[in-house]
Amino acid sequence: MTSDFQPKSDFLRVLSERGFIHQCSDFAGLDEKARNGRITAYVGYDCTAPSLHIGNLISAMMLHWLQQTGHRPITLMGGGTTRVGDPSGKDETRKLLTVEQIEANKNGIKGVFSKLLHYSPDGNGAIMVDNAEWLTKLNYIDMLRDIGRHFSINRMLSMDSVKLRLDREQELSFIEFNYMILQSYDFVELSRNYDCCLQMGGSDQWGNIVNGVDLGRRMGSQQLYALTTPLLTTASGAKMGKTASGAVWLNADMFSPYEYWQFWRNTEDADVSRFLKLFTLLPLDEIAKLSALGGAEINEAKKVLATEATALLHSRAAADEAAETARQTFEQGGAAETLPTIIIPAAELADGLGVLAAFVTAGLVASTGEARRLIQGGGLRVNDEAVSDPRSTLDPTLLRDGAIKLSMGKKKHVLLKAE
RNA sequence: GGGGGAAUGUCCCGAGCGGCAAAGGGGGCGGACUGUAAAUCCGCUGGCUACGCCUUCGCAGGUUCGAGUCCUGCUUCCCCCA
């Protein structure tokens with residue numbers, strides 16, 4: 001955390017109170033600027049996947065508060081930079097994505113922001129731009145002369161993103177080495193065209209952002225600022241956002257509102273307060289009350305966290321439905337209608353469907369082998385009864401209200417319906 | 001250009017005298033205990049039409065009853081010399 005500086009601007013005060021701030025290039029200067037008028041700030045998003053994930057949410061939330069406190073957010077799509085690939089925090093070169101993939105990913109990512117920001121060309125309406133617009137037009141010689149000359153290789157070699165690779169004797173290709181130059185240039189470009197003076201991002205972006213600030217100074221832009229968030233980890237130190245099945249995606253078609261709700265519901269006790277501040281819009285005094293709950297009561301706070309976070313990203317209705325599904329499933333031990341459902345042909349069930357196949361079809365296990373192992377460990381249940389024989393079959397007599405409830409472990413349930 | 005190393009279970013790290021579905025971690029998953037938490041303990045962590053069959057140790061061949069392990073060629077990476 002950066003000193004005990006007391007921000008006077010609404011913007012930094014909110015971010016600071018809610019725990020968003022890790023580092024800032026010039027806290028006092030930025031605070032002053034934000035207090036004296038509307039500023040424009042941006043966060044860049046790489047288009048490496050068809051959806052953003054939890055790790056991206058924290059910076060998106062910063063943009064939200066930026067707008068709420070009267071300033072203008074820019075969401076920068078990395079349509080250009082993704083073609084190069086950011087080496088920060090990565091052990092190995094990522095495979096280059098095709099231009100088509102990048103475009104497709106970009107379109108997948110865009111949607112999320114409309115949940116958190118108002119877009120409009122006027123006032124403090126958010127704007128979305130794509131750095132492919134200017135990066136793809138750069139001419140190599142011009143770029144070297146205008147931009148490249150401001151970069152010192154000596155200094156670039158000392159940047160974490162580069163040093164790490166070199167220290168570990170892992171290859172860093174020239175194309176990746178250029179990433180920070182392009183990102184720096186983005187900042188200057190946005191500062192010229194949109195009067196943007198602040199770039200925010202995760203702490204792993206500090207080096208890239210500060211380089212942009214520096215380039216701005218060398219190229220005679222206005223004073224630029226850098227602001228980063230802490231790296232999102234759980235209280236036990238694990239990197240957030242990775243689950244068994246992969247990342248916690250923000251797009252509903254990749255990670256359903258119900259799964260999303262469950263993700264937050266399973267937060268560790270020690271993280272509840274921090275996450276309420278970061279990922280919900282609840283006022284701080286209310287969060288303080290919730291955080292004060294001790295022992296088993298903290299579960300109430302987790303439900304609020306789950307519902308508020310889900311409502312913010314998906315919708316209030318989806319959040320309430322997820323909460324209700326969870327209530328029926330976990331608190332009453334029933335099978336809520338709204339659990340994830342898999343439909344199979346009625347004939348298949350009438351003929352007797354093998355349990356192993358059923359669990360594979362339901363997507364609860366990846367293979368029949370895994371299903372067998374889980375059965376041995378007592379981890380699979382049909383209508384809440386542990387499965388003991390891998391050769392047993394499911395038939396229509398097991399239908400309860402038209403569905404068979406398949407469960408893996410205590411938390412994952414799927415309804416199997418026949419049609 | 002010359003010399004020397006390295007690539008292992010498709011999550012990662014990492015052992016591996018010619019008999020290996022391959023030691024050990026980490027991570028993940030399941031079970032017990034709980035509060036859908038943490039900590040702790042136990043189990044699992046190639047596939048299948050499953051007491052049997054099939055496919056795995058960078059790639060392609062070869063020697064052998066049998067190769068991750070030996071030989072040849074290739075690819076990629078690292079180190080030293082130039």
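Below, chains carry the letters A, B, ... as their sequence lines are ordered, and counting in each starts from 1.
Using C1' as the reference atom, U36(B) and G25(B) are 29 Å apart when rounded to the nearest Å. Taking the P atoms as reference points, C77(B) lies 36 Å from U45(B), given to the whole Å. Nucleotides C11(B) and C48(B) place their P atoms 15 Å apart, quoted to the nearest Å. If you take atom P in G43(B) and the same atom in G26(B), they sit 13 Å apart, rounded to whole Å. Spacing between U69(B) and A7(B) at atom C1', rounded to whole Å, works out to 14 Å. Rounded to whole Å, the separation between the C1' atoms of U63(B) and C71(B) comes to 7 Å. G30(B) and G19(B) have their P atoms separated by 38 Å, with the value rounded to a whole Å. On the P atoms, U56(B) is 12 Å away from A67(B), given to the nearest whole Å.
Note: H314(A) and Y260(A) have perpendicular aromatic rings, judged against thresholds of 30 and 60 degrees for the angle between ring planes. Classified by interplanar angle (parallel below 30°, tilted 30° to 60°, perpendicular above 60°), the ring pair F113(A)/Y45(A) is tilted.
Both A296(A) and G378(A) lie close to RNA chain B; mapped to their nearest nucleotides by heavy-atom distance, the more 5′-ward contact belongs to G378(A). For the pair V360(A) and L380(A), both in contact range of RNA chain B, the more 5′-proximal nearest nucleotide belongs to L380(A).
Distances were taken from every side-chain heavy atom of K410(A) (C-beta onward) to each of A37(B), U34(B), C29(B); the shortest belongs to U34(B). When distances run from any side-chain atom of W261(A) to the nucleotides U36(B), A38(B), G35(B), the shortest one goes to U36(B). With A50(B), A37(B), U36(B) as the candidates, the nucleotide lying closest to the side chain of E268(A) is A37(B). Of the candidates G30(B), U36(B), G35(B), the closest approach to any side-chain atom of M408(A) belongs to G30(B).
What separates CG of D389(A) from P of C51(B) is a distance of 14 Å, to the nearest Å. Taking atom OH on Y258(A) and atom C1' on U36(B), their separation rounds to 9 Å, with Å as the unit. Taking atom CD of Q376(A) as the reference point, atom C1' of C42(B) lies 14 Å away to the nearest angstrom. Atom-to-atom, CG of L305(A) to C1' of U36(B) comes out at 13 Å; the value is rounded to the nearest Å. Look at CD on E324(A): it is 16 Å from C1' on U36(B), rounded to the nearest Å. If you measure from atom CZ of F263(A) to atom P of A37(B), you get 14 Å, rounded to the nearest angstrom. One atom, CD1 of I375(A), and another, P of A50(B), lie 14 Å apart when rounded to the nearest Å. Atom CZ in R372(A) sits about 18 Å away from atom C1' in C29(B), given to the nearest Å.
Ion pair E268(A)/K302(A) not flagged as a salt bridge, since none of the NZ, NE, NH1 or NH2 atoms sits closer than 4.0 Å to an Asp/Glu carboxylate oxygen.
C20(B) adopts a syn glycosidic conformation, its chi angle falling within 90° of 0.
Pair assignment for G1(B): C81(B), on the basis of Watson-Crick or G-U wobble contacts that are both within less than 3.5 Å. Pairing partner, C53(B): G47(B), with both Watson-Crick or wobble hydrogen-bond distances short of 3.5 Å. Under the Watson-Crick and G-U wobble criteria, each requiring two contacts below 3.5 Å, nucleotide A60(B) is paired to U72(B). For U40(B), the paired base is A32(B) (Watson-Crick or G-U wobble, both distances below 3.5 Å).
For K412(A) and U36(B), a side-chain-to-base donor-acceptor distance below 3.5 Å is absent, hydrogens and geometry of angles not being considered.
Under 4.0 angstrom from either OP1 or OP2 of A37(B) there lies at least one side-chain N or O belonging to K411(A).
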Verdict with reasoning, I58(A) to M61(A), per side-chain contact (heavy atoms from CB on, under 4.5 Å): CA-CA 5 Å; I58(A) 187 159; M61(A) 289 302 295; 5.7 Å; no
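The one candidate from Y194(A), F187(A), Y225(A) that meets the ring-ring contact (aromatic ring centres under 6.0 Å, His included) condition with Y42(A) is F187(A).
For H22(A) and T229(A), the side-chain atoms include no donor-acceptor pair closer than 3.5 Å. In summary, the side chains of Q183(A) and Q199(A) do present a donor paired with an acceptor at a separation below 3.5 Å, with no hydrogens or angles considered. T310(A) and W264(A) share no donor-acceptor pair across their side chains, judged by distance under 3.5 Å alone.
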Close N/O contacts between protein and nucleotides 45-47 of chain B (under 3.5 Å):
| from | atom 1 | to | atom 2 | distance (Å) |
| --- | --- | --- | --- | --- |
| G47(B) | OP1 | S367(A) | OG | 3.0 |
| G47(B) | OP2 | R373(A) | NH2 | 2.3 |

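Between W65(A) and F11(A), the ring centre distance reaches or exceeds 6.0 Å.
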